[in-house]
Amino acid sequence: MTNQEQINRRRTFAIISHPDAGKTTLTEKFLLYGGAIQSAGSVKGKASDRHAVSDWMEIEKKRGISITSSVMQFEYDGYCINILDTPGHQDFSEDTYRTLMAADSAVMVIDAAKGIEPQTRKLFKVCAMRDIPIFTFINKMDREARDPFDLLDELETEFGIATYPITWPIGCGLRFKGVYHREHKKIISYADAHRGRERLSSIDCDITDTDTLDRLIGEEERAELVEQVELLDGAGVDFDLEAVRHGKLSPVFFGSALNNFGIETFLECFLRMTTAPLPRKTDGDTVYPSDDRFSAFVFKIQANMNKAHRDRIAFMRICSGRVERGETYYHVQGGRELKLSQPQQMMAQERSVIDEAYAGDIIGVFDPGIFSIGDTVCDRSMRVQFEGIPTFAPEIFVEVEQIDSMKRKQFAKGMNQIAQEGAIRIFCEPGSGLERVYVGVVGELQLDVLESRMKNEYNVEYRKYPQPYQYIKRVPNGVNPADLKLYEVKWVQDFRDGNYLLFPTPWHINYTLEHNEGLTLEEYGSVEE
Ligand code: G4P
């Protein structure tokens with residue numbers, strides 16, 4: 001197969017959802033259909049002692065959740081699929097957002113009884129910023145569900161995206177009969193899924209074929225289905241593949257991941273409709289995946305993934321060409337050559353050294369501490385820099401004080417390393433040392449992760465004092481915060497001596513601006529909430 005053929009068959013997507021909507025179950029079913037795992041429950045076990053393939057930290061096992069995003073690759077129907085798992089907990093972090101930067105499309109899982117939930121909203125926003133295709137899987141149709149028109153309406157009004165149901169549900173809960181495939185004019189029966197058949201039969205059946213429909217789903221359901229499908233057809237939304245590929249129209253599917261229902265239909269349409277790896281913008285030209293020269297950017301750094309290895313891995317998304325094991329490339333931000341002697345592919349915890357990978361793939365590279373999030377590694381002749389990965393302003397702050405002064409070095413090392421990974425931000429009061437730092441995070445859970453990692457990996461314990469601040473702004477260069485009139489505001493510095501102010505409420509921000517004439521404050525992150 002040529003490089004181009006390899007790239008064209010790649011599909012790299014992220015699954016986004018609010019916790020409990022069924023993301024893990026759906027991921028697991030994708031892997032099952034792709035033959036990548038042998039039995040359901042391998043991704044996430046029911047019992048507390050079995051944990052997800054995608055979980056790798058102690059704390060995750062304890063909580064039964066997956067914090068760190070991981071990557072899973074499998075083959076299906078000639079396609080090579082990379083699924084990027086995004087953390088499914090309430091206290092998501094910047095890591096989740098960054099993972100979305102590595103995807104070319106997103107699958108949004110929605111609980112049919114609940115509709116859009118807070119985390120779906122946040123994640124959707126990040127996908128929408130990049131105009132990547134978004135596919136909607138409305139899950140748990142085997143339970144009582146909200147009216148499907150209502151659900152679509154909610155998506156359209158809240159997200160401002162048009163929807164096009166490819167399948168349409170026939171009933172729900174105990175009366176769930178299956179779906180009508182609008183494109184193929186077929187009924188796909190739920191009963192088959194219930195009988196445990198992996199490959200479901202579908203019955204060709206036009207919506208006008210009253211006899212067959214009556215026989216398959218009953219008279220009452222048939223009448224309702226016909227009415228609803230006519231309403232949909234009458235709504236006049238045409239299926240427009242270009243709109244799908246630019247994130248303007250979301251194809252919608254109904255199913256039940258737990259009962260293997262709707263997975264195949266979804267995969268078949270999704271793989272056909274979504275895009276192969278997309279071009280990426282750089283500081284100069286756009287880089288196309290078809291460019292033969294290798295280029296990639298770092299979207300995540302993970303230390304100590306495996307205790308036995310005690311190493312740091314930089315996750316890179318390949319944007320063009322092909323990476324070859326043992327080849328020398330160029331690390332743009334580091335300004336030096338870099339031999340990739342052991343590029344790895346991740347299947348959650350499992351990793352294997354690979355000989356080659358292509359645009360669209362995610363590889364892990366051993367990081368001796370040289371990479372930062374957003375760095376570019378590429379062919380020597382390219383020397384481009386991919387556009388920055390968005391940063392988000394921390395919203396939760398705690399003051400952290402080390403307990404054992406004999407462990408000053410470990411404390412500083414741990415804090416710095418974890419901050420370098422991008423999981424936390426650290427600040428200190430002007431003139432103070434590293435014994436006390438202010439830690440800022442996007443999600444509460446990052447604090448638990450920090451505490452557990454400091455203890456397990458650096459053997460350091462600390463006291464923490466929650467702070468009342470929720471907003472951070474940067475003080476422009478040339479302004480000395482000591483000269484400002486501040487009220488209930490904390491002045492801190494990062495380790496490049498940048499000055500920041502922490503505010504408890506928006507009122508305090510306004511107060512500061514009003515009482516310091518001519519002062520402007522800069523946003524911390526590149527994405528505003
Ligand atoms: P998440 O990753 O989005 O957080 O969701 P996950 O797949 O873990 O699913 C959350 C719960 O919803 C699980 O139940 C799962 O079995 C259930 N679920 C997923 N898909 C469906 C579906 O199509 N129909 C129904 N009825 N349930 C579904 P749990 O009891 O919390 O966990 P478990 O003990 O079953 O693992």
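Just follow the structure's listing: the first ligand is 1, and inside any ligand the first atom is 1. What you see is a predicted model; the values in this text were computed from it and never measured.
Against a heavy-atom cut-off of under 4.0 Å, Arg143 is close to the following atoms of ligand 1: 26 (N), 27 (N). Numbered from 1 in the order shown, with element, the atoms of ligand 1 that lie under 4.0 Å from a heavy atom of Ser256 read 22 (C), 23 (O), 24 (N). Less than 4.0 angstrom separates some heavy atom of Lys23 from each of these atoms of ligand 1: 1 (P), 2 (O), 3 (O), 5 (O), 7 (O). Near Ser17, with a cut-off below 4.0 Å to any heavy atom, the atoms of ligand 1 are 3 (O). Near Thr25, with a cut-off below 4.0 Å to any heavy atom, the atoms of ligand 1 are 6 (P), 7 (O), 9 (O), 15 (C), 19 (C).
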Considering only distance and modelled atom types, tabulate donor-acceptor pairs under 3.5 Å from the side chains of residues 248-258, sequence neighbours left out.
from: Lys248; atom 1: NZ; to: Asp131; atom 2: OD1; distance (Å): 3.4
from: Ser250; atom 1: OG; to: Ile134; atom 2: O; distance (Å): 2.7
from: Ser250; atom 1: OG; to: Thr136; atom 2: OG1; distance (Å): 2.8
from: Ser256; atom 1: OG; to: Asp142; atom 2: OD1; distance (Å): 3.1
from: Ser256; atom 1: OG; to: Asn259; atom 2: N; distance (Å): 3.4
from: Ser256; atom 1: OG; to: Asn259; atom 2: ND2; distance (Å): 2.9

Evaluate Tyr524 against Tyr471 for ring-ring contact (aromatic ring centres under 6.0 Å, His included), listing each step before the verdict. CA-CA 9 Å; Tyr524 182 92; Tyr471 302 88; over 10 Å; no
Evaluate the criterion ring-ring contact (aromatic ring centres under 6.0 Å, His included) for residue pair Phe261 and Phe176; output intermediate values, then yes/no. CA-CA 11 Å; Phe261 187 79; Phe176 186 47; 5.5 Å; yes
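Taking distance alone, with nitrogen or oxygen atoms compared against 3.5 Å, Gly255 stays at or beyond that limit from ligand 1. Between Pro19 and ligand 1, a contact under 3.5 Å exists for no N or O pair. Residue contacts with ligand 1: Asn259 is placed with no nitrogen or oxygen under 3.5 Å of a nitrogen or oxygen of the ligand (distance criterion only). In terms of polar-atom proximity, defined here as any N/O pair under 3.5 Å, Gly22 does make such a contact with ligand 1.
For atom 26 (N) of ligand 1, the nearest non-hydrogen atom from the set Asp20, Ile138, Leu258, Asp142 comes from Asp142.
The side-chain contact (heavy atoms from CB on, under 4.5 Å) test applied to Pro468 returns no partner, not counting sequence neighbours.
Under the side chain to side chain contact (heavy atoms under 4.5 Å, CB included) test applied with Leu151, the options Ile138, Ile116, Asp111 reduce to a single match, Ile138.
For the pair Asp104 and Arg317, the salt-bridge criterion is met [side-chain N within less than 4.0 Å of a carboxylate O]. Salt-bridge check for Arg175 with Glu221: failed, with every basic side-chain N at 4.0 Å or more from each acidic carboxylate O.
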